[in-house]
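When reading the values below, keep in mind they use all heavy atoms of this one structure, side chains included, and skip hydrogens, waters and symmetry mates.
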Amino acid sequence: MAFPHHPTLTRFLIEERCRFPDASGDFNALILDVAMACKSIARTVAYGELGGVLGNHAEEGGGVVNVQGETQKKLDVLSNEFFLHITEWGGHLAGMASEEMAVPYQIPAPYRRGKYLLVFDPLDGSSNIDVNVSVGSIFSILRAPQPEGKRAECDVVEADFLQPGTRQVAAGYALYGPTTMLVLTVGSGVNGFTLDPNLGEFMLTHPQLQVPVDTQEFAINASNSRFWAAPVKRYVDECLAGAVGTRGKDFNMRWIASMVAEAHRILMRGGVFLYPRDTKDAARPGRLRLLYEANPIGFIMEQAGGRASTGCIPVLEVQPESLHQRIGLVFGSKHEVERIERYHAEPVHIELDNPLFHDRSLFRVCA
């Protein structure tokens with residue numbers, strides 16, 4: 001009988017736990033519960049229209065708008081329920097927070113409460129699901145604060161989740177593409193696991209992933225160019241100028257509109273992703289959510305030798321102010337992110353020579 005030569009996620013976690021003799025095993029069990037939720041979502045996504053799960057949630061009523069002001073897809077709601085109901089019972093969590101819920105989720109009374117908090121985006125890129133583009137789930141694990149005198153059975157509150165990204169104990173994402181992958185960091189590097197559909201197990205296939213420090217590829221939504229700040233305009237214009245410009249090399253531009261897919265490509269081969277703060281909506285200081293998008297992806301990038309930033313400071317150092325706080329984000333190959341930070345620190349007015357950004361062009365630059 002042939003045995004798989006790739007370690008399972010369970011074996012990987014057991015071997016990691018051996019480094020901490022006093023560990024109770026709750027952390028490993030929580031990671032495996034999260035992995036089970038991701039497997040369930042992967043199977044549901046794979047059925048597509050055959051499973052009757054495409055389209056908007058409650059479509060007959062025009063769809064339901066979530067706390068983000070976005071119309072929920074059926075798979076948004078199903079994915080959120082998978083995360084909640086697969087992880088709530090194990091006794092490892094004090095509470096959860098999700099993109100799809102306005103307030104923290106309390107662990108139901110019959111279940112024991114644990115010492116961790118789980119925050120997640122159950123289905124990132126769900127606007128692409130109807131056109132069969134890769135989507136994913138993003139998650140972050142924090143320790144639940146235990147102030148003196150606070151009983152374990154007390155409900156969690158929003159303030160419990162407002163921890164900077166440096167305090168994450170684990171983060172990861174699942175990618176539902178041609179293969180289903182789970183990418184995970186527990187604070188000692190980044191490892192990638194591929195789902196074996198025959199065994200139903202995540203197998204370690206990409207150990208100790210590293211983001212190349214240099215790149216010739218960037219990802220940004222160019223349709224927002226007229227709203228960008230000057231340092232972002234400068235950076236993109238230099239990339240578009242290519243070998244004849246100040247960078248002296250050609251760049252490729254990518255945009256999938258699914259951050260998990262963007263992050264995975266960068267983790268595999270390098271690149272830089274920009275979703276910066278802009279002037280399109282003055283009420284929103286960015287588009288991506290800090291706690292369950294920017295922080296977990298930032299933690300993964302930093303653990304893989306890359307860098308994650310607001311454009312000005314490391315994103316993991318930002319003190320959250322609200323559960324669904326939005327923020328600008330730049331991440332990927334270290335040298336490119338550092339260049340963008342330098343442009344923000346020392347903005348220089350330059351003339352944009354690329355014809356894409358002239359007044360009579362595809363992307364008009366606003367002063």
Side-chain angles (χ1 to χ4, degrees), residues 68-69 164-165 214-242 245-249 251-259 262-263 266 270-291 293-295 297-298 301-302 306-322 324-367:
Q68 313 295 335
D214 293 303
T215 186
Q216 290 180 236
E217 197 163 83
F218 70 103
I220 194 168
N221 184 354
S223 69
N224 291 325
S225 63
R226 64 194 184 279
F227 305 113
W228 293 339
V232 176
K233 293 177 182 176
R234 175 186 176 186
Y235 176 78
V236 173
D237 189 66
E238 288 180 354
C239 291
L240 293 174
T246 58
R247 299 299 306 275
K249 61 181 181 180
F251 282 77
N252 292 321
M253 183 165 65
R254 299 284 183 261
W255 187 251
I256 304 174
S258 172
M259 190 173 69
E262 304 277 8
I266 288 171
V272 62
F273 171 94
L274 302 93
Y275 215 141
R277 181 172 184 169
D278 58 36
T279 61
K280 187 173 183 178
D281 184 346
R284 289 183 173 181
R287 304 297 179 82
L288 300 174
R289 275 59 59 128
L290 174 60
L291 285 177
E293 291 179 327
N295 273 348
I297 294 297
M301 289 295 150
E302 296 275 350
R307 188 167 178 84
S309 173
T310 65
C312 300
I313 63 171
V315 72
L316 298 184
E317 295 180 5
V318 175
Q319 174 60 50
E321 298 176 354
S322 64
H324 300 288
Q325 178 178 345
R326 294 175 184 258
I327 198 166
L329 181 63
V330 177
F331 65 79
S333 295
K334 184 177 181 180
H335 291 167
E336 293 301 306
V337 178
E338 288 175 340
R339 176 182 289 269
I340 294 164
E341 289 177 317
R342 188 166 71 249
Y343 287 178
H344 278 83
E346 302 175 0
V348 178
H349 177 73
I350 59 170
E351 294 296 327
L352 300 178
D353 295 327
N354 195 287
L356 284 173
F357 296 97
H358 285 171
D359 287 342
R360 298 179 180 273
S361 65
L362 182 61
F363 307 129
R364 182 182 176 187
V365 173
C366 296

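R247 and C239 get closest at one heavy-atom pair: NH1-SG, 4.3 Å. Of all heavy-atom pairs between C312 and S309, the closest is N-OG, 3.6 Å. For the residue pair E262 and A219, the shortest heavy atom distance occurs at OE1-CB, 3.4 Å. Q319 and P164 get closest at one heavy-atom pair: OE1-CD, 3.6 Å. The two residues A263 and I297 have their closest heavy-atom pair at CB-CD1, 4.1 Å.
Under a 4.0 Å N-O distance rule, the pair D281/R287 does not qualify as a salt bridge.
Here the CZ-CD1 distance, from R254 to I266, works out to 11.5 Å after rounding to the nearest 0.5 Å. Interatomic distance, CD of Q216 versus CG of N252, reported as 8.0 Å (0.5 Å rounding). Here CG of L274 is found 8.5 Å from CH2 of W255. Values are rounded to the nearest 0.5 Å. With rounding to the nearest 0.5 Å, the separation of CZ in R307 from NZ in K334 is 7.0 Å.
Side-chain polar atoms of T215 and E336 form no donor-acceptor pair below 3.5 angstrom. For the 3.5 Å distance criterion, the side chains of E238 and Y343 qualify, holding a donor opposite an acceptor.
Judged by distance alone, with hydrogens and angles left aside, the side-chain atoms of Q325 form no donor-acceptor pair with the main-chain N or O of L291 at under 3.5 Å. A donor-acceptor pair is defined here as one N or O able to donate and one able to accept, closer than 3.5 Å; such a pair exists between the side chain of S333 and the backbone of G271. Although no hydrogens or angles enter the test, the distance criterion places no donor-acceptor pair under 3.5 Å between the side chain of E302 and the main chain of G298. Between the side chain of T310 and the backbone N or O of G328 there is no donor-acceptor pair closer than 3.5 Å.
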Candidate pair F331 and M259, rule side-chain contact (heavy atoms from CB on, under 4.5 Å), full reasoning: CA-CA 11 Å; F331 65 79; M259 190 173 69; 4.0 Å; yes
Trace of the side-chain contact (heavy atoms from CB on, under 4.5 Å) decision for I220 with V272: CA-CA 9 Å; I220 194 168; V272 62; over 6 Å; no
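For the pair L290 and E321, the minimum side-chain heavy-atom distance is 4.5 Å or more.
For the pairing with W228, the side chain to side chain contact (heavy atoms under 4.5 Å, CB included) check across N221, V236, T279 returns one residue only, V236. Exactly one residue among V232, V330, I313 makes a side chain to side chain contact (heavy atoms under 4.5 Å, CB included) with H344. That residue is V232.
Classification of the F218-F251 ring pair by plane angle, with boundaries at 30° and 60°, yields perpendicular.
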